[in-house]
2 protein chains.
Amino acid sequence: MSQNREPLTRDRIIETALHIIDGQGLGRLTMRRLGDALEVEAMAIYHHLPRGKEELLDGLVAHVAVLPADTAARAGAAAWRDRLREWAAAYRARLLEHAGVLPLVVTRRNPAALTGTTESLREVLRLAGFLDGAAASGAHTLIGYVIGHTALEVRGREARRAAGPEQEVDWDGRFNAGVDVVLAGLVTTLT
Amino acid sequence: MSQNREPLTRDRIIETALHIIDGQGLGRLTMRRLGDALEVEAMAIYHHLPRGKEELLDGLVAHVAVLPADTAARAGAAAWRDRLREWAAAYRARLLEHAGVLPLVVTRRNPAALTGTTESLREVLRLAGFLDGAAASGAHTLIGYVIGHTALEVRGREARRAAGPEQEVDWDGRFNAGVDVVLAGLVTTLT
DNA sequence: ACCTGAACACCGTTCAAGT
DNA sequence: ACCTGAACACCGTTCAAGT
């Protein structure tokens, strides 16, 4: 009787890998373990990802780090600050959901993955009235803050375990406060 | 005749490991290769770092990520913005010098390593007139930006290779512009 | 105390072979 | 076209043994 398992797919491989990372951590993602989870020999994966684990990790970064800001909204809208606030919150949430891949996002791995996101952010700023240079710079500043602060948050939440709840940090509030600082700073560069 | 090599030391081990990372990348740091570089069997390392590679990586993070802002300067000095600017530039330079350990700094590894740095930054803000909560939040915002933006820079510099010099980015200028945005934003929370 | 040598359980990946 | 099995070169780490 035939094994009625779904066919192996690049997408299914990457999603299963993400599931392993979320559940057990990046360090336990192994070609062999990934094969087990897919009910397949590890070597079968190479047929769909010829570059092997390298390509797998690239795919994981692309899957997690790509979240463009919607630039479809009406141009010149006065509410660009609210939209950036929402985008920042959504991006942080995405990174926290898959905190195990953060080290991969930070590594030089798959540098093209963040290009689209940065570009759409730049477009939002341009529609808000920023000059080209200021929009590019501002997008970089905001996305840099979001990634860096979220990385600190992941580390900080873990530290609580070892050091006890000495200083309870309100991470939501602290993140939002930082976003407001960056946005307030950006406003001073407008005109 | 006796081998006249220096005695094995925790510090010497970590410095040699850093040298390997800087020259060949994090992926090629191996206990066996590290042993070779130290002219010793890999197993000898465990005598100085009982927790093995885990302890080695923790030590590397501590060695690179600890750069406190000097809080010794006169309290209430008006030039706190210049001091934060200098600190940010110095911290970025340190991270770029050892870009290979950035993924380790970002991982939950050794969460205590950044505590001292964050604290001294908070002290600078407190002396500048920020209330306790605002100083803590502001320190987090600035350090988050510096780490995140520097990570983007490392990725971006690498991307140039694959995509050609399509868009030359002035990383120094962009980093400083972001620092100024953050500082300008912080000023609006002062009063 | 400090280092070595052999061994163990695990990696990623290749390659010829099956269907 | 898609997957398997055996094999290769490499990991981190243990443990008993040397000095």
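Lettering follows sequence order; numbering is per chain, from 1. What you see is a predicted model; the values in this text were computed from it and never measured.
Rounding to whole angstrom units, CG of residue Leu34(A) and P of dC3(D) are separated by 13 Å. The distance between atom CZ of Arg32(B) and atom P of dA6(C), rounded to the nearest whole Å, is 13 Å. Atom pair Lys53(A):NZ and dC11(D):P shows a separation of 14 Å (rounding to whole Å applied). Atom-to-atom, CZ of Arg10(A) to P of dC2(D) comes out at 15 Å; the value is rounded to the nearest Å. Computed from coordinates, the Leu26(A) CG to dC11(C) P distance equals 14 Å when rounded to whole Å. Rounded to whole angstrom, the span from the CD atom of Glu41(B) across to the C1' atom of dA6(C) amounts to 11 Å. Counting to the nearest Å, the C1' atom of dG12(D) and the CZ atom of Arg51(B) are 14 Å from each other. Counting to the nearest Å, the P atom of dT4(D) and the CD1 atom of Ile45(A) are 10 Å from each other.
Within the 4.5 Å cutoff, no side-chain heavy atoms of Thr141(B) are placed close to those of Tyr145(B). In this structure, Leu18(A) and Val64(A) have side chains that are in contact, with non-hydrogen atoms separated by less than 4.5 Å. Taking the side chain as every heavy atom from C-beta outward, Ile21(A) and His98(A) never approach each other to under 4.5 Å.
If you check dG12(C), dT4(C), dA7(D) against the side chain of Tyr46(A), the one that comes closest is dG12(C). When each of dG5(D), dC2(D), dA7(C) is scored by its nearest atom to the side-chain atoms of Met43(B), the top-ranked nucleotide is dA7(C). Counting only heavy atoms from C-beta on, Met31(B) has its side chain closest to dT13(D) among dC3(D), dT4(C), dT13(D). Of the listed nucleotides (dA1(D), dG12(D), dT4(D)), dA1(D) has the atom at the smallest distance from the side chain of His47(A). Picking from dT4(C), dT13(C), dG12(D) the nucleotide with the shortest atom distance to the side chain of Val40(B) gives dT4(C). Nearest nucleotide to the side chain of Arg33(A), out of dC11(C), dG12(C), dC11(D): dC11(C).
The hydrophobic clustering, which links ILVMFWY residues whose side-chain heavy atoms are closer than 4.5 Å, places Leu102(A) and Trp171(A) apart.
Looking at DNA chain D, the stems built from 3 or more consecutive Watson-Crick or G-U wobble pairs, each pair with its key distances under 3.5 Å, are C:4-8 with D:12-16, C:12-16 with D:4-8.
A donor-acceptor distance shorter than 3.5 angstrom exists from the side chain of Arg33(A) to the backbone of Arg28(A), with no hydrogens or angles considered.
An OP1 or OP2 oxygen of dA1(D) is reached within less than 4.0 angstrom by no side-chain nitrogen or oxygen of His48(A).
Contact detail for Thr188(B) and Ala184(A): the closest heavy-atom pair is OG1-CB, 3.7 Å.
The number of heavy-atom neighbours closer than 6.0 Å to CG of Leu131(A), taken from other residues, nucleotides and ligands shown, is 12 or below.
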